Undergrad: 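Below you'll find the structure I mean.
Only a predicted model underlies this, so the values are computations on that prediction, with no experimental measurement involved. Heavy-atom basis, side chains included; hydrogens, waters and symmetry copies ignored.
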Amino acid sequence: MTPLGADFYERPVAEVARALIGCVVAHEGAAGVIVETEAYHDSEPACHAYVGLTQRTAPLFGPPGRAYVYRSYGIHALLNAVCEPPGVGAAVLIRALAPLQGLELMRARRGLEREEELCSGPGKLTQALGVELHHNGSDLARGPVRVYPRAGAGRSPSILTSTRIGITKAVELPWRFSVAGDPHVSRPRPPASVGRR
DNA sequence: CATGGGATTGACT
DNA sequence: GTCAATCCCATGC
C-alpha cells in the first residue's frame, strides 16, 4: 500500500478534509480509519496560521503532505495534515479514528478498554497512536506517521458536513466532516440530519 | 520578561 | 452540567 502523496494535499483544504474521511492513519504498530476531520485556513481567525508566519505556524505554510502537531491546553498533542501549496497556511485536523489495527497497543497507551473510547477525539487518537510533538513537520508519506488512501472498492462512506467545534472564532464555517452515525466520532456528535451527502 | 489564551479530556457535583 | 490540569508560544510592556 502506497501512502498518499503531496499532490493529494495540494488543493483546497476543505476538499482534502472531506477526501480524508475513510483514509487510514498508521504509526508504530497501530492504525485507524479516519471518521472525522476539520479544515483550517489562514484566511479565517480560528486557524493558527491566521496570525501569519511565526515559529509556531511555519509548518502550516510549508509544503503539503507534512504533519502539523501542536500541544493543546498544555496536555494533548493534536495531529494535522498540511494542505494547499507552500505559502498558504492550511491544514486538516484529524479528529477521530475507527481503530483498525494494534488495538491492544492502543489500550495500553490509553489505559482504557472500550474500543469506542480509544480514538474518539483529537487528543485521544494521538495518544492511542503514540504521536508526539516531535512528529511536527514530518512527511506523512515517508513516516513515521503515515496516511494511506481509502481502502478497497467499497462505496464511499456517507459523510456529514457540520460546523467546527471547540473554537470561538469563525464558528459558522461548515468545515467539520464526519461519517454519519459512526460511534467513533467525537462529541458533541453532529445531528444525523445536518449536511448529509 | 510577564502574561494570557487555547482546534481537550476526564473527573466530579 | 461544571471545572481544573498544564505548556507552548504570540503578544505587549
Undergrad: Tyr73(A) OH to dG6(B) P: how many Å, rounded?
TA: 7 Å
Undergrad: What is the separation between atom CD on Gln127(A) and atom C1' on dG10(B), rounded to the nearest whole Å?
TA: 11 Å
Undergrad: Does one side chain, of His41(A) or Tyr50(A), offer a donor that lies under 3.5 Å from an acceptor on the other?
TA: no
Undergrad: From NZ of Lys124(A) over to P of dG10(B), roughly how many Å is that when rounded to an integer?
TA: 5 Å
Undergrad: Tell me whether the NZ or CZ atom of Arg164(A) lies within the 45° cone about the ring axis of Tyr40(A) and under 6.0 Å from its centre.
TA: yes
Undergrad: Nearest-nucleotide wise, let me know which of Arg71(A) and Arg56(A) is further upstream toward the 5' end of DNA chain C.
TA: Arg71(A)
Undergrad: Taking only the side-chain heavy atoms of Leu112(A) (C-beta and beyond), determine which of dT11(C), dG6(B), dG10(B) contains the nearest atom.
TA: dG10(B)
Undergrad: Starting from P on dA7(B), measure out to CD1 on Ile165(A) and report it in whole angstrom.
TA: 12 Å
Undergrad: Sequence neighbours left out, what pairs pass salt bridge (Lys or Arg N to Asp or Glu O under 4.0 Å) with at least one residue falling in residues 13-36 of chain A?
TA: Arg11(A)-Glu15(A), Glu36(A)-Arg95(A), Glu36(A)-Arg176(A)
Undergrad: Whole Å only: how far is the CD atom of Glu38(A) from the P atom of dT8(B)?
TA: 7 Å
Undergrad: Please answer whether dA7(B) and Tyr70(A) are stacked, defined here as ring centres separated by less than 5.5 Å and planes angled under 30°.
TA: no
Undergrad: Whole angstroms only, please: what is the CZ-P distance between Arg95(A) and dA7(B)?
TA: 11 Å
